[in-house]
There are 4 protein chains.
Amino acid sequence: MNFNSKKPIYLQITDYFLNSIISKKYNIGDRILSVRDLAIQLGVNPNTVMRAYTYLQDKNIIFNKRGIGYFISENARENAIDIKYKEFTNDELPEVFDTMKILGISFADLKKLYKKHKTKKSKTHENK
Amino acid sequence: MNFNSKKPIYLQITDYFLNSIISKKYNIGDRILSVRDLAIQLGVNPNTVMRAYTYLQDKNIIFNKRGIGYFISENARENAIDIKYKEFTNDELPEVFDTMKILGISFADLKKLYKKHKTKKSKTHENK
Amino acid sequence: MNFNSKKPIYLQITDYFLNSIISKKYNIGDRILSVRDLAIQLGVNPNTVMRAYTYLQDKNIIFNKRGIGYFISENARENAIDIKYKEFTNDELPEVFDTMKILGISFADLKKLYKKHKTKKSKTHENK
Amino acid sequence: MNFNSKKPIYLQITDYFLNSIISKKYNIGDRILSVRDLAIQLGVNPNTVMRAYTYLQDKNIIFNKRGIGYFISENARENAIDIKYKEFTNDELPEVFDTMKILGISFADLKKLYKKHKTKKSKTHENK
DNA sequence: GTGGTCTAGACCACC
DNA sequence: GTGGTCTAGACCACA
């Protein structure tokens with residue numbers, strides 16, 4: 001993870017977990033890194049990681065076993081998808097659609113931009 | 001304008017001007033409200049309005065006649081469109097497309113959401 | 001406020017606000033002390049207060065006006081009552097009832113303890 | 001025993017013994033499971049069980065015969081009741097009564113909640 | 001070893 | 001002036 005200056009680090013951490021859970025990199029019951037260890041690995045203060053974990057626990061994505069660590073919750077994937085989807089439809093999309101209207105961008109235009117984006121992505125993959 | 005959104009107020013103000021200029025509510029040479037007056041009208045700190053005006057002046061959207069006021073610049077519309085478009089393709093869209101991928105939302109799904117958004121909007125208009 | 005060693009300080013702060021809102025010491029729209037000021041007044045670190053405020057904002061008890069401060073939310077009282085009531089019936093009460101059963105304390109006994117508690121309270125008030 | 005509750009595990013274990021002794025599931029002189037065995041049975045760290053046993057020994061509920069094991073003490077039941085009762089009247093009850101006052105819950109309301117709690121309990125038993 | 005709370009203090013964006 | 005994020009580091013309870 002290399003941090004995007006824009007978003008707070010702790011939210012980038014939560015995002016990493018949400019995405020990883022959705023794409024099944026983490027599965028129910030998996031233990032995740034301890035607060036300290038993840039902090040060291042990310043070169044970040046434990047408080048920052050703690051903040052991310054607290055958020056995820058609040059949203060029922062992870063849970064804590066006392067003195068042992070944090071684990072992926074039962075319905076983590078469903079909850080993660082739910083959070084992401086709400087964010088998407090309530091925050092991201094309306095903004096995009098409004099901008100489209102103002103700029104006079106049609107849905108057909110959007111499709112072109114979509115294809116361009118996909119090819120760009122795949123190229124960056126090739127270069128690795 | 002909703003000042004409790006996540007977006008800084010001064011950016012919401014600049015956005016209002018960008019949009020208004022693009023949709024020709026303001027035209028070249030028009031005088032806009034003084035910092036003071038707009039601040040009062042919006043119930044906002046004059047510093048905040050000042051910041052928006054400075055931003056717009058920086059981007060050649062408005063210009064200042066000392067002691068007289070702020071006016072819409074020559075190429076305001078072109079510049080506004082340019083700013084908006086860059087923001088759209090560089091910041092908003094990639095984020096949206098990435099989220100789509102993670103959530104497994106197809107472009108066809110997006111179209112449905114687009115239509116839903118349009119009908120919702122028009123309904124709110126009718127109700128006014 | 002003088003802090004109970006048992007409960008975390010930040011939760012005692014949230015509790016103070018919940019109780020104050022329920023008993024109408026704070027009303028909708030009231031501004032509450034700034035993070036810094038409350039921290040100073042309580043002799044506590046601003047982070048601790050911040051934590052309490054973040055919690056209350058999450059629960060829709062208070063909201064933030066950018067750069068201005070925190071204010072009591074629209075439905076603060078309802079939400080506060082809801083939180084307290086759930087805590088009461090889900091956490092506190094079952095424990096009490098279970099203990100009663102184990103110790104063989106009847107509901108009539110409980111009433112006596114209730115009256116005793118009330119008279120004790122009123123006495124402490126008289127002594128002030 | 002639910003080890004994810006807010007209560008420390010070692011206290012949940014002591015509670016189990018206190019309750020069992022009060023309800024005469026354990027009697028004077030009975031040997032209880034070794035630290036090791038109980039730890040295995042509960043899927044818990046031996047240190048945690050040890051802590052519970054130390055606590056109980058401190059309170060004269062159990063005693064240790066070196067090299068042999070832990071046994072129920074002479075006045076275990078009286079002591080257990082004493083501990084529970086003090087905890088009940090000094091800690092649990094005042095909290096409950098205070099919350100009642102804040103929420104405007106009368107003693108009559110409490111009775112309703114009491115009845116509801118009893119019927120709920122008996123139903124869960126039936127379903128087993 | 002684990003997390004949870006807290007302090008002291010910094011820096012930043014925003015109003 | 002306001003809050004928001006972050007660091008560094010401490011201390012504690014718990015397993």
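A, B, ... follow the sequence lines: proteins, then strands. Residue 1 opens every chain. Both backbone and side-chain heavy atoms feed into the values below; hydrogens, waters and symmetry mates do not.
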**Message:** Less than 4.0 angstrom between a side-chain N/O of C:Arg36 and OP1 or OP2 of F:dG1, yes or no?
**Reply:** no
**Request:** Using a 4.0 Å heavy-atom cut-off across all strands, classify A:Asn64 as base, sugar-phosphate, or nothing.
**Result:** sugar-phosphate
**Request:** Calculate the interatomic distance between C:Ile13 atom CD1 and E:dT7 atom C1'; express it in whole Å.
**Result:** 13 Å
**Phosphate-side-chain proximity, C:Thr48 and E:dC6, N/O vs OP1/OP2 below 4.0 Å** = no
**Asked** Out of F:dC6, E:dA8, F:dG3, which has the shortest distance to the side chain of A:Pro8?
**Response** F:dC6
**Prompt:** Going by modelled atom types, is there a donor-acceptor pair between the base of E:dG3 and the side chain of A:Asn47 at under 3.5 Å?
**Reply:** no
**Prompt:** To the nearest Å, how far apart are A:Asn45 CG and E:dT5 P?
**Reply:** 16 Å
**Request:** Flag yes if more than 12 heavy atoms outside D:Gln57 fall under 6.0 Å of its CD atom; otherwise flag no.
**Result:** yes
**Request:** Give a yes or no on whether D:Lys7 atom NZ has more than 12 heavy-atom contacts from other residues, nucleotides or ligands under 6.0 Å away.
**Result:** yes
**Request:** Using the closest heavy atom to pick a nucleotide of DNA chain E for each, name whichever of A:Tyr53 or C:Tyr10 lands nearer the 5' end.
**Result:** A:Tyr53
**Prompt:** Out of A:Asn90, A:Thr89, A:Asp82, which residue meets the side-chain hydrogen bond (donor to acceptor under 3.5 Å, both in side chains) rule with A:Lys86?
**Reply:** A:Asp82
**Item:** Between F:dA13 (C1') and C:Lys7 (NZ): distance, integer Å
**Value:** 18 Å
**Prompt:** C:Leu38 CG to F:dG3 P: how many Å, rounded?
**Reply:** 10 Å
**Request:** Starting from P on F:dT2, measure out to CZ on C:Phe63 and report it in whole angstrom.
**Result:** 17 Å
**Asked** What is the distance, rounded to the nearest whole Å, between atom CD of B:Gln12 and atom P of E:dC14?
**Response** 12 Å
**Request:** Let me know the distance between OH of D:Tyr55 and P of F:dA15, rounded to the nearest Å.
**Result:** 14 Å
**Request:** Between F:dC6, E:dC15, E:dG3, spot the one nearest the side chain of C:Arg66, thanks.
**Result:** E:dC15
**Asked** Are C:Lys84 and C:Asn19 close enough that a side-chain donor and a side-chain acceptor fall under 3.5 Å?
**Response** yes
**Request:** Grab the NZ-P distance between D:Lys6 and F:dA15 for me, whole Å please.
**Result:** 14 Å
**Request:** Report the stems of DNA chain E as range-with-range entries sorted by first number; a stem here is at least three consecutive pairs, Watson-Crick or G-U wobble, both distances under 3.5 Å, and write none if there are none.
**Result:** E:1-14 with F:1-14
**Complete:** Comparing C:Asp37 with A:Leu11, nearest DNA chain F nucleotide closer to 5' gives the residue C:Asp37
**Asked** Starting at the 5' end of DNA chain F and moving along, which residue's nearest nucleotide shows up first, A:Ile68 or C:Tyr70?
**Response** C:Tyr70
**Nearest-nucleotide pick for B:Arg51, side chain only, options being F:dC6, F:dA8, E:dC14** = E:dC14
**Request:** Verify, without hydrogens or angle tests, whether B:Asp37 (side chain) and B:Ser34 (backbone) share a donor-acceptor contact under 3.5 angstrom.
**Result:** no
**Nearest-neighbour nucleotide for the A:Val35 side chain, F:dT7, E:dG3, E:dA8 considered** = E:dG3
